[in-house]
Amino acid sequence: MRRALIPHKGYGIGDDWVFYLLILIMLSPLLVMSTASAESGKNTQPIQIPNPSADLWREVRQRDAIAVGNSQVKSADSGVLINPYGDKWRNFRMTQLIPYGGYLLAGMLLLLIIFFIVRGRIKVVSGMSDKKLFRYSLYERTIHWCLAAIFLFLAFTGLILLFGRSLLIPIVGQEFFSLLASASKEGHNLFGPLFAVALVLVFFRFVRRNIYQKGDLTWLLKGGGLIGKGHVPSNFFNMGEKSMFWMLVLVGGVIVGSGLVLVFPVFGQGRVLMELSHVSHGITTLVMIVVIMGHIYIGSVGMEGALDGMTTGYCDLNWAKEHHEQWAELCEEQNEVIMEDEVSRLQGDTKANSMPSSLTQETGQ
Amino acid sequence: MIGELIDGPLWYFAFGVFVLGVIYRIISILRAGLKKDFSRPRAEGSAGALRTLFSRFIPRRDVATRGRLTVIAGYLFHLGLFALLIFAQPHVTFFSERITGFSWPALPYWAFIVSAELAFIGLLLLWLHRVLHPVTRLLSSIDDYVGIGLVFLVMLTGCLALAQAFEPLRLLHLFLAELLLIYFPFSNLMHAFTFAFSRAYTGATMARKGVNA
Amino acid sequence: MSYNFAKGIEVLDQQIDSRIEAYFSSCVHCGLCAEACLFYTETSDPRYTPIYKLEPMRRLWREKHTFWGKFLIKMGLSQPLKEQDFADWETLVYDSCTMCGRCSMVCPVGIDITYMIRKEREGFSAAGYTPVGLQEATKRALTIGSPMGVTLKTLKAALVHVEKSTGLKIPLDQSGADYMALFSSMEVVNFPEYIESVARIFAAANVSWTISSEAFEATNSGIQIGSHDAAKEIVSRVVIAAEALGVKYVISPECGHAYTAIRWEGPNLIGRAYKFEVIHILELLDQLQKEGRLQFTGKTDTPLTFHDPCQIVRRGGVIESPRTLLDSVSSGFVEMTDHGSMNWCCGGGGGVSANERAEDLRLKVFDRKKQQIESLGVTTMVTSCANCRIVLEEGIEDREMDVEVIGLTELLAEYLMDNSTPAA
C-alpha cells in the first residue's frame, strides 16, 4: 500500500495545547510550594538549657547538609543515618502530589465533559463519503494499540498505588487493599519496561511525520479550529498532534527513566535519587494521564471519523480534507483515493462467492 | 474453603481432564486411519517426518519477510512462555510437589522476569495482529479468542501474585490455570501436541516424493 | 447440472483421515499460509487465504468429530453445513486455487493444505458444485479419452507429421518395449514439437519405446475436478495398456498434473502397485545423459530462466533434473529468486485454466510471474509443462510483455549431438 510520503495529517489533538497551558499553570503552585518547603528551614526556638549532645544530634539529624559517616554495612547511603529530605518527600507526596494530582485528574475529566456538552461531537461538515485514504499501516496500528494497552494498564495500576490508600481503603478495607496494592505493584513493575519498548517503536515509526513545519504555528494561533467554527489547514499530523508526540517522547522519556531507576534499585541509587525519581515519576505520569485523557476523548467520542484511521487503517476523504487538508490534497494528486467497497474487499467483508468487481476492470498494467 | 477446593479436588479434576483429554484427542487422530500408499517412494517417510518436525521451526524466506510480525511475536511469546512455565522457581516447586516428584534447576529470578516480559509483549502483539489483520480476523473463531484470553489471564494473575505473599492471588492464578487445563483438550490449544503429528505426516508424504518440506 | 448435497456431505466426510484430523486440530489461524499463496499476495483479498478455502470441510469436521462441534449443534447454537456453503465456496475452491502447494511448504505446524483441497474437491464434485469448464473437460476425458477431445485419429495425424519431418518411425503398440510414452492433449494440439523432440532424442539415445493406441493421454481431469471415480478410470486405461504391452516404464510427459496423477495418486486410485515404474521425461533424459547415452553439442548463451511447474517440482520431486539438463545446453541460465521447490505457480494449474469463469483472476495473479521475470531482466523462459506454457503465454500477451516461452525437451532436442537423424 503506498501513501503520500511527506506531511501527513492526523486527527485533531490540538485542544490538548490549551490544556497544556492549564496544566502548567496548575502545576506551578506545586513547584513553588515544594521549592519553598525545601528552602525554608524550620524556625527552631533556641533551647534555654544547653544540651551537651546538641552538636552530636545536630550532625546526626543533618539539618544543614548531608554528612556521610562510616558504617560497617557497605551499601548505597549506608553512611547516612537519617535523611532530612525523607520527611519533606513524604509530606510532598501526602499533602501535595496526591490531593493536587487528584484535582488535576478530576478537573480534566470535568473539562472534557463540559467541552462535550458545549461543543458536542465535532462532525465532518460535508458528511462522511464513500471515498477513503490509506492512513495507518498494520504495523503502525499494532504498535499504537500495544502502547495504548500497556499505558492504560500502567496508569490503572499506578493510580491504585497513588490514590488507593485515600480512596480505596475506605471502600474495600485494609486487608483487601494490601492484596490489591501488591498485585498492582507487581503488575506495574513488570509492564513498565514493556512501555519503554513500545515507546521506542512508536518514536521511530512516527518521528518523521512529527517534525514541525510551515503552517503549524498558524494552526496553533487559530486554536486548531477547536474554539469557534471553521477548520485550519494541516499536514498528516497537525500542530497539536505533533506537540503531543513530542510531549509523549520527552515526558515519556522521563517517566521511563525515573521508572527504571525505581524498579531496579540495585545499581547503587541513594535515597535522594530514589526520592527525586519518585517525584518526577509521579508528576510526569499525572501530566501524561491528563494529556492522554484528552487524546482518547478527541480520538473517539470527540470527533467523527477520527477513530477509523487507527482501527481500519483507512480514513474518510472528507474528514481528511477538513482536518488534514494538505495531506489529503497530496493523496488526491497521487491518485491514492480508494473507494469504500475496495476497502471492504481488502478487509475480507465480501461474501465468499462473489468475485471482486475491481478485477474485472483490470487492464494489463 | 474455596482455597481448599482450588488446591485440592479442582486441581485433580482439571489435571485429570487435561491428561485424559489430550490422550483422547491424540488417539482419535490416530484412529481416523490412513490409507496405505501404494506408490513407489523415492525415500523413506520416517526420515522426512523427523526432518520436517524440526525444519518448520525456521520459516521460509519470503513468508518470514511478509509475515515477520507473526514470526517475531510468535517466538517471543512461545519461548518466553516455555521458559517461565517450566523453569520459573515457583512452577518448578509446584510441578515437583504435585506431579513429578523430582525437581530441576530453575531460572534466576531476573531471567524469569525477562521471560515473562517477552511472553507478554509477544502475546499482546499477536492478539493485536489477529484483530487488526484482515486475514487473521477473517479466520479467527471464538476458540482462538478464548484460548488467547485464558492464557493471558493466567499469565497476568501469575504476574500479580509475584510477591508470593498473598494466598488469594496465588489461588486466583491457580484457579485460572485449572480452567485453562480443562479448556485445553477441546480447543486448538491442542496444537501444542498435535503440531508434531501434522508436521510429521506432511514431512513423511513429501519425503516419499523426494521433496524436503 | 444436477446437485446432490447429501452425497457431497457423505463423500466429504469419508475424506477425513488421520492427516486431516491432525491438520484441523493444529491450525491456530495464524494466517501465514496467505503470505505464500499467489492468489492472496496479488489481490490482498483475505478470502483467498488457503486454509479459508477449506472452511466447508473444517466445519464438517467440527460438527462430526469434535466435542464443541457436536455439543453446539445439539444445543441448536450452531448450524450444520448447508448446501449454500458448497455454492458459496465453489469459486474459492476451484477458481482461486491451483493446488500449487506453496501453502503446504510454509505452514508453521506443517499442514498440507494442498492435500486437503484435493480431498475437499472430492466432496464438491460429488455434490456437483464444480466449474462448468472442468465438468465438460472431464466428460470429454471419460467419453472421448481426452479433455480437449483429442482422438486417436488426431494423434495419428500428428505422428505422421513427426515421422515426415524427422524421417523416423514412431513405434505404435510395440509389445515388450522398455518405455511407453504418454502425451498430454495440450502437447498434441498446441506443442507437437514435443513429440518430435522426444522421437529424435530417443532415436539418438537408442531408447526402446512405444505409444499405446489404447491409452496415450496423460492428463487426468479427474484429479483436477476431484473425482476419485473419474481419476481412477482415466488412470486405469494407462495401467491396463502398459501392463498389456509389458513395458518396464511409463513416461510422464511435460504436463504437471499428469505426473501427480500417474506417479503419486495412480496406484492409490486403483488400490495396488503397478507392474511397471513411472518416470518423468526429464528424469529419463537426465538419466540417459548421466549414462552417456544422450549427448549434447553446443550451448545457447541467451539469458534465460526456468519456471518450475508446481506438480513436477514441488509436488512431484523432480527438482534437480531440469536444472542439470538446462546447464548442459545453456550458459546463460539464471534462477529466479524464488526457484525450485518455492517457485511461484503460473496461476493456471489444478483446473483453473479450463475454467473460463476464473480467467480474470488468473490473468491478474500473473503479475507475480511478471515481476519474477522482470526482476531478472530476461526475455526467455523455459518450462516443462504444456499447461504452464499456454498459461504463461496468455499472461505475457495480456501484460504486453516481450518474453518467449520454450519447452525444455524441445530446447534439449535442438542441441542434440546426433549423426543418424537428418535435422528437422
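Just the heavy atoms: all of them, side chains too, but no hydrogens, waters or symmetry mates, feed the values below.
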Query raised in the report: So, C/R263 side chain and B/R40 main chain: donor-acceptor pair closer than 3.5 Å or not?
Result: yes
Query raised in the report: Which one of C/Y23, C/F67, C/Y115 has the most heavy-atom pairs closer than 4.5 Å to chain B?
Result: C/Y23
Requested in this report: Report the C-alpha separation of B/V135 and C/Y40 in whole Å, then their side-chain angles, then the decisive distance to 0.1 Å, and conclude whether the side-chain contact (heavy atoms from CB on, under 4.5 Å) test is met.
Outcome: CA-CA 10 Å; B/V135 168; C/Y40 172 74; 3.4 Å; yes
Report summary line: In this structure, CG of B/D37 is separated from CD of C/E265 (nearest 0.5 Å) by 10.0 Å
Query raised in the report: Would one find more than 12 heavy atoms of other residues, nucleotides or ligands at under 6.0 Å from atom OH of B/Y145?
Result: yes
Query raised in the report: With chain C, which of B/N212, B/L30, B/D143, B/D62 has the greatest number of heavy-atom pairs at distances under 4.5 Å?
Result: B/D62
Query - Side chain C/S26, main chain B/H191, donor-acceptor under 3.5 Å - result: no
Query raised in the report: At a heavy-atom separation under 4.5 Å, does C/R315 approach chain B through its side chain, its backbone, both, or neither?
Result: both
**Report entry** Residue part contacting chain B, namely of C/S104, when any heavy atom lies under 4.5 Å
**Finding:** backbone
Requested in this report: Check the surroundings of atom CH2 in C/W344: do more than 12 heavy atoms from other residues, nucleotides or ligands lie under 6.0 Å from it?
Outcome: yes
Requested in this report: Starting at CG of C/L32, measure out to OG1 of B/T70 and round the result to the nearest 0.5 Å.
Outcome: 5.0 Å
Report task. Sort out for me which of B/S39, B/P185, B/G210 touches chain C most, counting heavy-atom pairs under 4.5 Å. Result -> B/S39
**Report entry** Nearest non-hydrogen partners of C/N268 and B/F38, listed with the distance
**Finding:** OD1-N, 2.6 Å
Query raised in the report: C/M105 versus B/M206: any side-chain heavy-atom pair under 4.5 Å?
Result: yes
Query raised in the report: Would the number of heavy atoms belonging to other residues, nucleotides or ligands and lying under 6.0 Å from CD1 of B/I2 be above 12?
Result: no
Report task. I would like to know whether C/V318 and B/R42 meet side-chain contact (heavy atoms from CB on, under 4.5 Å); could you show each step before the answer? Result -> CA-CA 11 Å; C/V318 182; B/R42 282 211 176 88; 3.6 Å; yes
Requested in this report: State whether the side chain of C/D17 and the backbone N or O of B/A32 hold a donor-acceptor pair below 3.5 Å, judged by distance alone.
Outcome: no
Query raised in the report: Hey, which of C/G316, C/S341, C/A34, C/G340 has the most heavy atom pairs under 4.5 Å with chain B?
Result: C/G316
Query raised in the report: Using non-hydrogen atoms only, which part of C/C107 is less than 4.5 Å away from chain B: side chain, backbone, both, or neither?
Result: both
Query raised in the report: Using a heavy-atom distance cut-off of less than 4.5 Å, which residues of residues 195-205 of chain B contact chain C?
Result: B/F195, B/F197, B/S198, B/R199, B/Y201, B/T202, B/T205
Query raised in the report: Got a sec, which residues hit side chain to side chain contact (heavy atoms under 4.5 Å, CB included) with B/L76, two or more places apart in sequence or on another chain?
Result: B/I72, B/L118, B/I121
Requested in this report: Report the C-alpha distance between B/I142 and C/W68 in whole Å, list the side-chain angles of each, state the deciding distance to 0.1 Å, and finish with yes or no for side-chain contact (heavy atoms from CB on, under 4.5 Å).
Outcome: CA-CA 11 Å; B/I142 297 185; C/W68 282 114; over 6 Å; no
Query - Top contributor to chain B contacts, counting heavy-atom pairs under 4.5 Å, from C/G266, C/A273, C/P108, C/A36 - result: C/P108
Report task. Measure the CG-CG distance between C/D45 and B/L138 for me, rounded to the nearest 0.5 Å. Result -> 9.0 Å
Query raised in the report: Looking at C/I319, C/D112, C/V106, C/I270, which makes the most heavy-atom pairs under 4.5 Å with chain B?
Result: C/V106
Query raised in the report: So which bits of residues 16-27 of chain B come within less than 4.5 Å of chain C, counting non-hydrogen atoms only?
Result: B/R25
Query - Heavy atoms of other groups near B/W110 CH2, more than 12 under 6.0 Å - result: no
Query raised in the report: Can you tell me if B/T136 uses its side chain to pair, donor with acceptor, with the backbone of C/C30 under 3.5 Å?
Result: no
Query - chain C contact via B/R130 - which portion, at a heavy-atom distance below 4.5 Å - result: side chain
Query raised in the report: From C/T66 OG1 over to B/M190 CE, what is the distance, rounded to the nearest 0.5 angstrom?
Result: 12.5 Å
Query - For chain C, which residues of residues 44-61 of chain B have heavy atoms nearer than 4.5 angstrom - result: B/R56, B/R60, B/R61
Query - Portion of B/K209 that has a non-hydrogen atom of chain C nearer than 4.5 angstrom - result: both
Report task. Working to the nearest 0.5 Å, report the span between OG of B/S28 and NE2 of C/H65. Result -> 10.0 Å
Query raised in the report: So what's closer than 4.5 Å to chain C heavy atoms on B/L34: side chain, backbone, both or neither?
Result: both
Report task. Count the heavy atoms of every other residue, nucleotide or ligand shown that sit under 6.0 Å from CZ of B/F175, and state whether that count exceeds 12. Result -> no
